[in-house]
Amino acid sequence: MTYKSDFLNVLDERGFIHQCSDFEGLDNLAAKREVVGYVGYDCTAPSLHIGNFLSMMMLHWLQQTGNKPITLMGGGTTMVGDPSGKDETRALRTPEEIDANKASIKGVFKQVLSFGDGNKDAIMVDNADWLLKLSYIDMLRNVGRHFSVNRMLTMDSVRLRLEREQEMSFIEFNYMVCQSYDYVELARRYGCNLQMGGSDQWGNIVNGVDLGRRMGTHQLYALTTPLLTTASGAKMGKTAQGAVWLNEEQFSAWDFWQYWRNTEDGDVVRFLKLFTTLPMAEIAKLEKLGGAEINEAKKVLANQATALLHGRDAADAAAATAQKTFEEGGLAQDLPTILGKPGDGLLSLFVTAGLASSNGEVRRAITGNSVSVNDTKITDPAYVASDADFNKDGLMKISLGKKRHALVKCR
């Protein structure tokens, strides 16, 4: 489909679009470069994850096509807890935990957005500024009266929990009211007219569009992306170490680079479009690569995505480490490193290094001939490190398969 606006054309050709409340209306607004769009991010952890990277890229392209992005920190909504996609109530965070998470999260946005005081510069706001000031009765009378409980019960975040007979607390039930009111406040304060998010947020977002109409704002719009899955159907963003976090402290630039390098063949082109700023003409050239050459496209993906989020120096260092480790058979110093000593059991070393989640997983990998020490296959689950395993620099390389490696430094 061809649009009048650069914004929707870019999102469409790169695969971001799933649903929109009014394509024609949003396209007309974007063609005049008058979109003020936001995405909300709750502060449930010290870092955002790979799923959030997708919506961050939507904000990036919004700004690159001449419109204004808003990142909304959920200092208020995190106190409620979003039930979307959850089978049980989220743990309630203390105000101190929320503030610490919020401070940790903020920095990542500067990698993909340009902040400032200009007309199209990105801004960051916090819904605690208005949600925490509302009295309960005022919220019920001024906002709650616009919501139909009958309709709220049909929303996926509520309906699926009830169908599975899983409890939903009253505080969670109110989350969509808070999120909808965020949209109204952003419209009033900053002229916001677009909310974006994953497809699981569709119900909450269109509720905000409807609430804006009922409370007298200008026309509001909704736009969502498809939920991320890999070519094999698995949920994207999971590794042996857990979630793929965006902060360096939770997930190193090296691990981030490796995550993209290990992309399934069928996902490479799609991820190049979504998670890099590489021109479409360059992506088209990479799309033609087949067979073993697809690995070169995976390296481009890893380099581009890592440079975008962690900087070019970090991406180059990760690529150099990978080349030395995988292609030259060397022992790169930039691999994840743990402390160990002769006599340590191999199973515990693999778990400590994050290469496996349990001793049982390591045993199964040994049975599958997938475990190595210094590039030598290990067949005995009872193997312990020896003096001979550590080189003159006191380092030993442990490997799970061909792509997961770590160093053990003798203490």
Side-chain angles (χ1 to χ4, degrees), residues 7 11 19-22 25-26 28-30 32-43 48 52 54-63 65-80 82 84 98 102 105-106 109-110 112-134 138-139 142-144 146-147 174-198 200-225:
F7 174 57
L11 289 197
Q19 289 172 291
C20 181
S21 58
D22 177 2
L26 180 59
N28 288 333
L29 206 62
K32 294 183 289 185
R33 301 193 169 193
E34 294 178 355
V35 174
V36 181
Y38 94 95
V39 179
Y41 301 91
D42 278 347
C43 312
L48 299 178
N52 302 124
L54 187 68
S55 61
M56 289 167 62
M57 292 304 297
M58 295 179 78
L59 290 172
H60 169 84
W61 291 117
L62 180 72
Q63 186 171 43
T65 53
N67 300 281
K68 187 178 184 69
I70 299 175
T71 58
L72 178 67
M73 306 305 293
T77 44
T78 307
M79 291 188 173
V80 176
D82 185 1
S84 301
I98 293 171
K102 182 166 56 181
I105 286 169
K106 284 183 175 180
F109 292 102
K110 295 178 182 178
V112 296
L113 296 173
S114 175
F115 288 84
D117 299 324
N119 189 40
K120 303 303 181 182
D121 285 337
I123 60 172
M124 180 179 291
V125 296
D126 188 343
N127 60 22
D129 292 345
W130 53 83
L131 290 180
L132 299 190
K133 295 176 183 177
L134 288 170
D138 285 344
M139 185 70 166
N142 298 329
V143 181
H146 295 296
F147 283 80
N174 282 273
Y175 187 90
M176 69 177 75
V177 178
C178 294
Q179 182 173 336
S180 299
Y181 185 64
D182 283 344
Y183 202 172
V184 172
E185 279 291 328
L186 290 170
R188 289 172 171 173
R189 294 176 181 227
Y190 305 103
C192 184
N193 45 34
L194 172 64
Q195 183 182 175
M196 300 183 288
D200 61 332
Q201 292 293 315
W202 177 253
N204 290 345
I205 296 175
V206 295
N207 266 330
V209 172
D210 184 61
L211 182 63
R213 178 181 61 80
R214 294 173 184 272
M215 297 187 73
T217 70
H218 50 264
Q219 179 63 53
L220 305 180
Y221 299 91
L223 182 65
T224 61
T225 65

*Starting from the C-alpha separation in whole Å, work towards a yes-or-no answer on side chain to side chain contact (heavy atoms under 4.5 Å, CB included) for Leu131 and Val80.*
CA-CA 11 Å; Leu131 290 180; Val80 176; over 6 Å; no

*Do side-chain atoms of Asn193 reach the backbone of Val36 as a donor and acceptor pair under 3.5 angstrom?*
yes

*Looking at CG of Leu194 and CG of Asp22, how far apart are the two atoms once the value is rounded to the nearest 0.5 Å?*
11.5 Å

*Pairwise distance CG(Leu211) to CG(Leu220) - rounded to 0.5 angstrom*: 9.0 Å

*For the side chain of Gln63 and the backbone of Ser114, is there at least one donor-acceptor N/O pair under 3.5 Å apart?*
yes

*Taking only residues at least two apart or on different chains, which pairs with a member in residues 115-131 satisfy salt bridge (Lys or Arg N to Asp or Glu O under 4.0 Å)?*
Lys102-Asp126

*For the atom pair CD (Gln219) and OG (Ser21), what is the distance rounded to the nearest 0.5 Å?*
7.0 Å

*Starting at CD of Gln19, measure out to OG1 of Thr224 and round the result to the nearest 0.5 Å.*
4.5 Å

*Look at the side chain of Asn127 and the backbone N and O of Gly76, then say whether any donor-acceptor pair between them is shorter than 3.5 Å.*
yes

*Could you tell me which non-hydrogen atom of Gly208 sits nearest to which non-hydrogen atom of Ser180, and how far apart they are?*
N-OG, 3.4 Å

*Quick one: list whatever passes side chain to side chain donor-acceptor pair (under 3.5 Å) with Asn142, sequence neighbours left out.*
none

*Looking only at heavy atoms, what is the nearest atom pair of Cys178 and Thr77, with distance?*
CB-CG2, 3.9 Å

*Closest contact, heavy atoms only, Ala128 versus Gly75*: CB-C, 3.8 Å

*Go through the steps to decide whether Phe109 and Met73 satisfy the test side chain to side chain contact (heavy atoms under 4.5 Å, CB included), and finish with yes or no.*
CA-CA 11 Å; Phe109 292 102; Met73 306 305 293; 4.0 Å; yes

*Between Asn67 (side chain) and Leu29 (backbone), is there a donor-acceptor pair under 3.5 Å?*
no

*Within residues 209-223 or reaching into it, pairs that qualify as salt bridge (Lys or Arg N to Asp or Glu O under 4.0 Å) - sequence neighbours excluded*: Arg151-Asp210, Asp210-Arg213, Asp210-Arg214

*Are side-chain heavy atoms of Leu132 and Met79 found at a separation under 4.5 Å?*
yes

*Hey, does the side chain of His218 reach the backbone of Gly212 with a donor-acceptor pair shorter than 3.5 angstrom?*
no

*With sequence neighbours excluded, residues passing ring-ring contact (aromatic ring centres under 6.0 Å, His included) with Tyr221*: none

*If a pair satisfies salt bridge (Lys or Arg N to Asp or Glu O under 4.0 Å) and one of its residues is in residues 178-187, list it, with sequence neighbours excluded.*
Glu185-Arg189

*Do you know which two heavy atoms are closest between Trp202 and Cys20, and how far apart they sit?*
CH2-C, 3.7 Å

*Hey, what do you get for CZ (Phe7) to OG1 (Thr65), rounding to the nearest 0.5 Å?*
6.0 Å

*Are Lys68 and Ile123 close enough that some pair of their side-chain heavy atoms sits under 4.5 Å apart?*
yes

_Exercise: identify the closest heavy-atom pair between Tyr190 and Val125_ = OH-CG1, 3.3 Å

*Judged by atom type as modelled, is there a donor-acceptor pair below 3.5 Å linking the side chain of Thr78 to the main-chain atoms of Cys43?*
yes

Compile the donor-acceptor pairs under 3.5 Å between side chains in residues 54-61 and protein atoms, sequence neighbours left out, one pair per line.
unit_1: Ser55; atom_1: OG; unit_2: Tyr41; atom_2: OH; d: 2.9
unit_1: Ser55; atom_1: OG; unit_2: Asn52; atom_2: O; d: 3.0
unit_1: His60; atom_1: ND1; unit_2: Val112; atom_2: O; d: 2.9

*Which atom pair, heavy atoms only, marks the closest approach of Tyr183 to Cys192?*
CE2-SG, 4.0 Å

*Mind checking the CG-OH spacing from Asn207 to Tyr175? Nearest 0.5 Å is all I need.*
13.0 Å

*Intermediate values then yes/no, side chain to side chain contact (heavy atoms under 4.5 Å, CB included), Arg188 and Met215*: CA-CA 10 Å; Arg188 289 172 171 173; Met215 297 187 73; 3.6 Å; yes

*Show the numbers, then the answer: is there a side chain to side chain contact (heavy atoms under 4.5 Å, CB included) between Gln179 and Ile205?*
CA-CA 8 Å; Gln179 182 173 336; Ile205 296 175; 4.0 Å; yes

